Number of protein chains: 2
Amino acid sequence: MIKSFEKPILTVDVAYLSIHNAQLEILTIRRQNEPFKGQLALPGGYVHCDQDTDLRDTARRVIAEKTQLEPDYIEQVETVASNTRDPRGWTATVLFMALVSQSKRDNEESLGSGCQWHKLDSIQSNELCFDHAVLLEKVKERLIAKSRYTSIPLFLLPNKFSLSEAQQFFEITTLSGLEKKSFRRRLLDAEIVEDTGELSKTGRRKASLYQIKPGVGVHFFPRMIG
Amino acid sequence: MIKSFEKPILTVDVAYLSIHNAQLEILTIRRQNEPFKGQLALPGGYVHCDQDTDLRDTARRVIAEKTQLEPDYIEQVETVASNTRDPRGWTATVLFMALVSQSKRDNEESLGSGCQWHKLDSIQSNELCFDHAVLLEKVKERLIAKSRYTSIPLFLLPNKFSLSEAQQFFEITTLSGLEKKSFRRRLLDAEIVEDTGELSKTGRRKASLYQIKPGVGVHFFPRMIG
DNA sequence: AATAGATAGTGGCACAATGCCACTTATAAG
DNA sequence: CTTATAAGTGGCATTGTGCCACTATCTATT
């Protein structure tokens, strides 16, 4: 028996993160409609009861409408709701964090129109519509926190990467400088990456290229880093 | 401009956990109405757009309708949604984990009618309505995981507790046996509890009673335990 | 009063993962 | 051939935990 309460609006927003030129970037779209027309937004949309079987479905569909990019990692961060965050009324949004590998990120061809990557540092809070600046802050916090004790920054790397690149990516996501030897031991001892036998093409001394071991998911390190 | 999609139902469910007689217990209510009449449910309810300013508000209100118990710790776990979890249609529920200190837990007087504590181990999946067994499983996983590297089990303890009691509670929430000396060092070095100067009243040798330092929240240990 | 039993609490060393830092190795550029 | 730069290693210090025996304090029993 459904009571006649006014139902809130339920949406899904996805923060797509990637690293480009040694900087975190986020995928945004520019709003075509009021409110906040012309401002930046995280890709997102309404839950469609008739199409989506669950929230991950919604996330996938909403993403597919904007871009063909398949994230390499996706995680539900938090559900944010209030009667003030959207002028249209009481809304709740389920926030996802999606990580895109550099290999896919550099494949600009698959990026939908209206989508644009923005440097995370250069984005102004007031450029973002609704409370998306708050959502972005939550995603950043989650990424920083989990990068300290899990292997999720690996999902931002290109398919094949050197250990130095890996360290650089972890330094970006943890906002801290890391020690070379400690980092390498930590990563290699976890047995989540493997040497491909290939060497990097550029640079001084050629670095061995590694890849994530097939089938390996998120690894939890026994200690925090840094 | 709100499109005419059918809006999903949005609810909040709260898993109230406490420890009693060295066992994890959960607060349930017995459903008075169909569907699932007579079965057990986590306390929860619809988001009321006119009353609640955000989800924590909803959680508080829903809780207050059933019992006067104020949780000592509350955390949003996950939002679970699908078109199959509730026969009434497409629903989404924001799941919270709430920890109740033993001091409050033993204050049975404030427990609302219809509410009942159940040993977590003795609860059968098919006693629970909807997908509440799944929700409960998610909460258990979260509690176990976070108990390994944070101080949240402290919120289940009575206001004043011995280190042995603290260890026992951590052993319950982590599902593992812990080593006495290691545990004590870990807890005391974190500087999140303080000696009250009081001694326990029962037992052989009297234990020093500790309490959470005022104003101290969740502590993250540098390493996992156990 | 003496003793046994139980729980509280400590000392000290081993071990595991990381921090630190100097060192060697490989490659490109000049 | 030399030099600069980035890759990669050796080895010890530090930190937090595991382990285990030991001491301390209280109750119950005889």
Side-chain angles (χ1 to χ4, degrees), chain A residues 21-22 146-151 153 157-158 160-211 219-226, chain B residues 22 147-151 153 157-158 160-211 219-226:
Chain A
N21 289 333
K146 283 197 103 163
S147 295
R148 290 191 204 279
Y149 64 97
T150 77
S151 65
L157 283 160
K160 292 177 183 174
F161 52 87
S162 69
L163 294 184
S164 296
E165 285 178 299
Q167 179 177 340
Q168 187 194 22
F169 275 52
F170 273 82
E171 288 176 335
I172 291 169
T173 56
T174 60
L175 299 184
S176 63
L178 301 178
E179 207 282 327
K180 185 165 53 170
K181 186 68 187 299
S182 309
F183 175 79
R184 282 158 188 255
R185 258 184 324 219
R186 183 179 163 94
L187 192 56
L188 295 176
D189 289 355
E191 297 188 322
I192 52 181
V193 298
E194 61 187 9
D195 195 332
T196 63
E198 297 176 53
L199 296 179
S200 60
K201 303 250 194 286
T202 64
R204 302 292 178 170
R205 176 173 176 176
K206 311 301 188 198
S208 292
L209 293 180
Y210 290 76
Q211 62 188 6
H219 175 79
F220 286 74
F221 296 101
R223 280 174 61 173
M224 303 261 180
I225 201 171
Chain B
S147 294
R148 289 193 205 280
Y149 64 97
T150 78
S151 65
L157 283 159
K160 294 178 183 175
F161 52 87
S162 69
L163 295 183
S164 296
E165 285 178 298
Q167 179 177 341
Q168 186 194 22
F169 275 51
F170 273 82
E171 288 177 335
I172 291 168
T173 56
T174 60
L175 301 183
S176 64
L178 301 177
E179 207 281 327
K180 183 166 53 170
K181 187 65 188 299
S182 311
F183 175 78
R184 283 161 186 255
R185 258 186 322 218
R186 183 179 162 94
L187 193 56
L188 294 177
D189 289 355
E191 298 188 322
I192 51 180
V193 299
E194 61 187 10
D195 195 332
T196 63
E198 296 177 53
L199 296 178
S200 58
K201 303 246 194 290
T202 64
R204 302 293 177 169
R205 176 174 174 177
K206 311 302 188 199
S208 293
L209 293 181
Y210 289 76
Q211 64 189 6
H219 176 79
F220 286 75
F221 295 102
R223 282 174 61 173
M224 303 259 179
I225 201 172

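Protein chains get the first letters and strands the later ones, always in sequence-line order, with residue 1 at the start of each. Please read these numbers as outputs of a predicted model, since none were measured by experiment.
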NA contact type, [X], heavy-atom cut-off 4.0 Å: base, sugar-phosphate, or nothing?
| X | value |
| --- | --- |
| A:S182 | base |
| B:S208 | sugar-phosphate |
| A:G226 | sugar-phosphate |
| B:R185 | base |

Open item on the list: Heavy-atom nearest nucleotide on DNA chain D for A:L188 versus B:K206: which residue maps closer to 5'?
Closed with: A:L188
Open item on the list: Go nucleotide by nucleotide along DNA chain D from the 5' end; which of B:K201 and A:L209 gets its closest nucleotide reached first?
Closed with: A:L209
Length of the [atom1]-[atom2] vector between [X] and [N], whole Å:
| X | N | atom1 | atom2 | result |
| --- | --- | --- | --- | --- |
| B:F221 | D:dG18 | CZ | P | 12 Å |
| B:I225 | D:dC19 | CD1 | P | 12 Å |
| B:Y149 | D:dT17 | OH | P | 15 Å |
| B:L178 | D:dC19 | CG | P | 11 Å |
| A:F183 | D:dT9 | CZ | P | 14 Å |
| A:K180 | D:dG11 | NZ | C1' | 15 Å |
| A:M224 | D:dT14 | CE | C1' | 19 Å |
| A:E165 | D:dG8 | CD | C1' | 15 Å |

Open item on the list: If you compare every side-chain N and O of A:S164 against the phosphate oxygens of D:dA6 (OP1, OP2), does one of them come in below 4.0 Å?
Closed with: no
Does any non-hydrogen side-chain atom of [Y] lie less than 4.5 Å from one of [X]?
| X | Y | value |
| --- | --- | --- |
| B:F161 | B:F169 | no |
| A:S164 | A:R184 | yes |
| A:Y210 | A:L187 | no |

Open item on the list: By nearest heavy atom, map A:R204 and A:E179 onto DNA chain C; which one lands nearer the 5' end?
Closed with: A:E179
- [ ] For residues A:L178 and A:G226, report the shortest heavy-atom separation together with the two atoms involved.
- [x] CD2-CA, 4.2 Å
Task: Separation of B:L175 CG from B:R148 CZ (nearest 0.5 Å) - done: 6.5 Å
TODO: Hey, could you give me the NZ/NZ distance between B:K201 and B:K206, rounded to the nearest 0.5 Å?
DONE: 9.0 Å
Task: Minimum-distance nucleotide to A:R223 side chain [options: D:dT15, D:dC19, D:dG11] - done: D:dT15
- [ ] Check every nucleotide of DNA chain C for an atom under 4.0 Å from a heavy-atom of chain A, then give the first and the last such nucleotide from 5' to 3'.
- [x] C:dA17 to C:dA29
- [ ] Measure the acute angle between the ring planes of A:F170 and A:F221, then classify it against the limits of 30° and 60° as parallel, tilted or perpendicular.
- [x] perpendicular
